[in-house]
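All chains are named by letter (A, B, ...) in the order of the sequence lines, taking the proteins before the strands, and each is independently numbered beginning at 1.
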Amino acid sequence: MPARKTVLVVAIAVIIAVVVASAVTYFVVVPAVKPTTTPAKPTIHKGVTIRVIGVQDPYWFPLKDLIPEFEKKYGIKVEYEGVSYYETRLRAISAFVAKSPEIDVVLVDQMWVAEYADAGWLVPLDDYIRRDKDEVNPTDFIPEVVHALSFWRGKIWTLPMAAYGQLVIYRKDVFDKLGLKHPPKSFKEDYDWWTWDKYLEYVKTIHGKTIDGVKFYGTVEVGQQPAPIVHKWTQYLIGMGGRWFKSYPEAPWNFTPVIQEKGKAALELFLTLYKYSPPESIEYFWFDAGTRFGKGDIGILLWWTPYCYLIKQPEYMVPGKSAVVGKYDVALPPHPKGWKVGDHPIMSIGGWSYGISAFSKHKEEAWAFIKWATSFETQKKMGLLHDRKWGSYQFSDFVRYSLYKDPDLIKVYPWLPTQLEAWKVGNGKVSRPMIPIYFTLEGILGRYLNEAMAGKITVDDAFKHIVDEFTMVLKQNFYLPKYAGPSFNDTPEVVAKHLKELASG
Amino acid sequence: MNSQKLPYFLILPSIIFLFMLTIYPMLFALYHSFLYWMIGSPVRFIGLENYINVISSSLFQNALIVTLKFSGIVVAIELFLGLITALIIAGIRRGQGIISAILVMPISVAPVVAGIIFRNLYMKETGVVDYLLTVIGLPPPPEGILGNSNTAFLGLIVTDVWEWTPFIALIILASLLSLPSDIIEAAKVDGASDWQVFRYIKLPLIKPTIFLAAMLRFMQAYNTFDIVYVETRGGPGIATQTLSYHLFLEGLAYFHLGYASALTVVVSLIAVVLINIYLMFTIFKGGS
């Protein structure tokens with residue numbers, strides 16, 4: 001056959017391949033489902049199967065064991081899948097982009113809410129909450145938690161499932177032996193003295209001491225990039241009154257980076273504390289720090305609240321007893337000198353929430369699952385479920401006021417009143433802004449913080465790079481030079497008002 | 001249909017299938033490489049801007065250097081150790097089968113599992129490697145093997161060498177065992193020493209196999225992702241960030257789909273150029 005004909009056959013093949021592949025992509029592999037946002041009729045279809053996807057954080061385990069109760073009560077079958085942090089996001093976005101109904105209930109990290117909501121991938125829950133207000137009891141949810149985990153552009157997109165703050169976990173036996181005053185558990189106590197200077201002084205005092213045959217490190221840091229180190233460092237940033245942008249989350253939004261203003265001091269503190277930490281903590285993930293504290297050679301740890309109970313186990317979700325059971329206590333985070341309650345927030349808030357995929361074919365059943373999982377009854381059961389299985393109770397990340405006041409739960413988790421008070425001085429959107437490009441900014445931040453920790457870069461240079469690269473990304477995405485999108489006053493007070501409105505119907 | 005055209009139409013389905021699996025994804029990536037497409041932001045055409053950003057990015061430049069350094073070092077070490085191992089096994093009269101079976105074991109371990117195994121071995125205080133190095137007077141840095149830029153890179157090399165040296169050894173062993181014995185025996189009758197037999201007979205004959213094994217390994221090493229993800233996450237800083245890990249972060253963690261598409265094209269082009277240069281100077285030059 002002449003060359004021209006060969007070319008013709010190949011060209012036909014390419015055209016057919018492209019057409020067929022496109023058709024397969026859009027019509028066969030991915031059956032497109034039109035997104036809807038209006039709540040369906042309140043009819044639960046028994047026998048329906050819903051798929052729930054989420055990260056295997058502590059909440060995941062007790063909820064899994066309670067799912068047969070949900071299935072029995074509603075007649076809905078649940079495919080309950082637990083995956084890694086990155087995979088949760090990857091699976092969800094892949095399904096969303098493909099408009100696939102494969103996921104009904106999706107677990108959302110706080111920073112992903114804006115991204116998912118703006119893209120139209122989540123169903124706003126306000127109408128569902130208003131309709132089922134008696135069942136949901138919206139004003140029982142802690143506004144600071146809803147603000148951090150679920151609220152975006154004036155709507156509630158998810159319901160909080162597990163709420164984390166950052167509190168001080170310290171060895172009370174070591175404090176007693178060294179004659180150190182215990183840090184406060186309540187703002188009603190003498191609180192003014194519990195400053196960052198004091199925190200650092202305590203870390204230095206404990207560091208290097210041998211107590212009961214154990215040589216102590218003052219504290220333990222978390223250095224793995226990008227997310228773990230950013231989570232740790234942002235607690236110092238917010239604790240010093242720092243923020244990422246000139247005006248956010250308060251309106252009008254202005255995304256000019258100001259992260260360097262308090263960020264440098266926060267990084268200096270972080271690097272100083274690293275000197276009193278195990279050197280290998282430069283590669284520690286979230287749970288590595290908790291596990292290390294549980295081994296019994298760390299004096300103080302400022303970290304996410306799930307570690308208040310996780311440190312009772314020898315490893316992450318491994319049954320047994322660690323070396324610190326009965327030897328530690330929990331206190332409020334430190335603050336800058338002169339700070340008073342009502343000044344700027346000082347505690348980071350994070351955690352997980354459940355939302356309904358806009359492409360789900362079983363939205364009403366998905367909503368039934370979310371209502372059930374975030375209810376007082378289910379969360380209380382989760383908190384009191386696993387003593388025998390894990391060697392200690394393993395869930396206190398409650399999202400409702402009523403659970404923090406429950407005597408049964410306080411008996412098991414005595415730090416709950418402290419945690420409840422701390423929500424009032426926390427703000428998840430100041431510590432880690434909920435904007436669609438958060439993940440990109442976190443990547444930049446994590447890289448340079450880690451490089452500073454590794455001694456490859458100075459604090460000044462780190463922030464020069466951070467601000468330059470932030471500015472570039474913000475410009476590319478039209479957040480700078482002037483943000484032209486709609487702003488709203490995104491504060492916990494606004495959320496509290498919103499919850500009251502939903503409760504009143 | 002005339003008989004001349006018939007064969008072409010018969011192979012048309014295969015060609016279509018091939019194009020769907022290979023060319024279509026490349027065209028897809030190429031098309032998106034000209035877009036500013038980040039999940040959560042408006043998509044727009046930006047011409048070559050993604051390519052300019054890739055080339056000028058310090059992260060890309062670092063990842064390219066890390067990848068080439070890593071690939072070059074591991075391929076060289078694995079070729080050297082693989083050749084020695086193959087020569088030793090080829091010289092053994094009994095038990096070749098058992099040794100070959102043992103050699104296959106590291107290759108059959110998934111890289112991500114190898115990464116987890118070595119991460120545990122390197123672990124400070126509890127890891128065996130950390131302990132042994134301390135015992136022999138070569139204590140790892142205080143921040144641990146994977147916590148230090150230089151030793152973390154070495155740690156990845158050791159993992160890769162452990163896993164893939166047997167692969168090279170087995171390929172070379174197969175080639176050695178298939179050499180015609182009459183030439184070797186004739187050389188020995190003529191008084192050639194073992195070294196001379198290796199240098200002037202065996203090595204030239206197995207050279208094409210070595211070149212091929214080196215190329216295959218280079219392509220694998222160039223795409224190293226799993227062990228980096230499990231052991232170092234590209235750190236400390238960006239000291240062990242390979243091109244594949246950089247691509248993973250941009251594409252699947254940050255969802256910069258336009259930028260990641262351009263990065264894919266650039267990374268693929270570099271691989272194609274390097275492999276063609278290699279082929280020109282090795283396999284094709286020798287006429288093999």
Hey, are A:Glu283 and B:Arg119 close enough for a salt bridge, meaning a charged N less than 4.0 Å from a carboxylate O?
yes

With a 4.5 Å cut-off on heavy-atom pairs, point out which of A:Gly443, A:Ala452, A:Gly446 contacts chain B the most.
A:Gly443

Determine whether [X] and [Y] make a side-chain contact, defined as any pair of heavy atoms from C-beta on separated by less than 4.5 Å.
X: A:Tyr438; Y: B:Tyr254; result: no
X: B:Met38; Y: A:Phe439; result: no
X: B:Asn53; Y: A:Met472; result: no
X: A:Ile93; Y: B:Phe255; result: yes

Measure distances from [X] to the heavy atoms of chain B and classify the residue's part below 4.5 Å as side chain, backbone, both or neither.
X: A:Leu90; value: both
X: A:Glu442; value: neither
X: A:Phe478; value: side chain
X: A:Tyr85; value: neither

In terms of heavy-atom pairs under 4.5 Å with chain A, which of B:Leu21, B:Leu59, B:Ile46, B:Leu249 leads?
B:Leu59

Rounded distance [0.5 Å steps], OG in A:Ser277 versus CD in B:Glu143:
13.0 Å

Out of curiosity, B:Asn148 CG to A:Ile282 CD1, how far, rounded to the nearest 0.5 Å?
8.5 Å

Chain A heavy atoms under 4.5 Å from B:Ser58: which part of the residue, side chain, backbone, both or neither?
side chain

Contact part of B:Tyr259 toward chain A, heavy-atom cut-off under 4.5 Å: side chain, backbone, both or neither?
neither

Heavy-atom closest pair (A:Pro279 atom, B:Pro142 atom, distance to 0.1 Å) is CB-O, 3.2 Å

For B:Ile238 against A:Gln225, the heavy-atom pair lying closest together:
N-NE2, 4.4 Å

